[in-house]
Amino acid sequence: TYVVTDNCIACKYTDCVEVCPVDCFYEGENMLVIHPDECIDCGVCEPECPADAIRPDTEPDMDAWVEFNRQYALVW
Ligand code: SF4
């Protein structure tokens, strides 16, 4: 899965949301998150992010971000 990290905070671009084929972005007041169970790992959103905030969970130390994204995807 891909998840959104802190570089997203206060970024106003939503190009990532537009390109996602499964609509798994959720928008809060200050940032977006990806529902990690709905993401199909296609990767098309990553290059659309001007803030480099969208990262694959295969990078080191991503567990907390996966949980953060899952938690807020459910409430937003
Ligand atoms: Fe959507 Fe693909 Fe990005 Fe996952 S990797 S959030 S499915 S665009």
Side-chain angles (χ1 to χ4, degrees):
T1 187
Y2 281 74
V3 291
V4 182
T5 62
D6 49 349
N7 280 1
C8 179
I9 296 169
C11 171
K12 297 295 179 196
Y13 289 91
T14 52
D15 306 38
C16 51
V17 178
E18 309 297 321
V19 299
C20 179
V22 294
D23 254 336
C24 62
F25 279 90
Y26 294 81
E27 188 167 5
E29 239 173 83
N30 295 314
M31 69 179 287
L32 303 165
V33 292
I34 291 169
H35 194 315
D37 302 326
E38 295 175 1
C39 173
I40 57 170
D41 226 12
C42 72
V44 301
C45 57
E46 188 191 353
E48 300 297 328
C49 178
D52 211 21
I54 302 172
R55 311 303 323 149
D57 72 340
T58 48
E59 289 187 354
D61 303 320
M62 292 301 287
D63 289 359
W65 280 114
V66 173
E67 281 321 303
F68 178 93
N69 276 245
R70 179 179 285 113
Q71 184 183 338
Y72 284 98
L74 294 173
V75 296
W76 287 347

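Excluded from the calculations below are hydrogen atoms, water molecules and symmetry mates; all remaining heavy atoms, backbone and side chain alike, are included. Ligands are counted one by one from 1 in listed order, and the atoms in each one are counted from 1 as well.
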If we ignore hydrogens and angles and just use 3.5 Å, is the side chain of N69 paired with the main-chain N or O of I34 as donor and acceptor? yes
Mark yes or no for whether D41, through its side chain, and T1, through its backbone, hold a donor-acceptor pair below 3.5 Å.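 The answer is yes, because a donor-acceptor pair under 3.5 Å joins these two groups.
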Any chance OH of Y72 has more than 12 other-residue heavy atoms, nucleotides or ligands included, within less than 6.0 Å? no
Please collect all side-chain hydrogen bond (donor to acceptor under 3.5 Å, both in side chains) contacts where either partner lies in residues 51-68, sequence neighbours excluded, each pair once.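 For residues 51-68: E46-R55, D52-R55, R55-E59, E67-R70.
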Atom 5 (S) of ligand 1 has as its nearest protein heavy atom G43 N, 3.1 Å
So which protein N/O/S atoms does atom 1 (Fe) of ligand 1 have within less than 2.8 Å?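 The answer, once waters are left aside, is C20 SG.
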Provide the closest heavy-atom pair for I40 versus P21 in the form atom of the first, atom of the second, distance. CD1-CG, 4.2 Å
All heavy atoms of W76 vs all of M31, minimum pair found to be CZ3-O, 3.6 Å
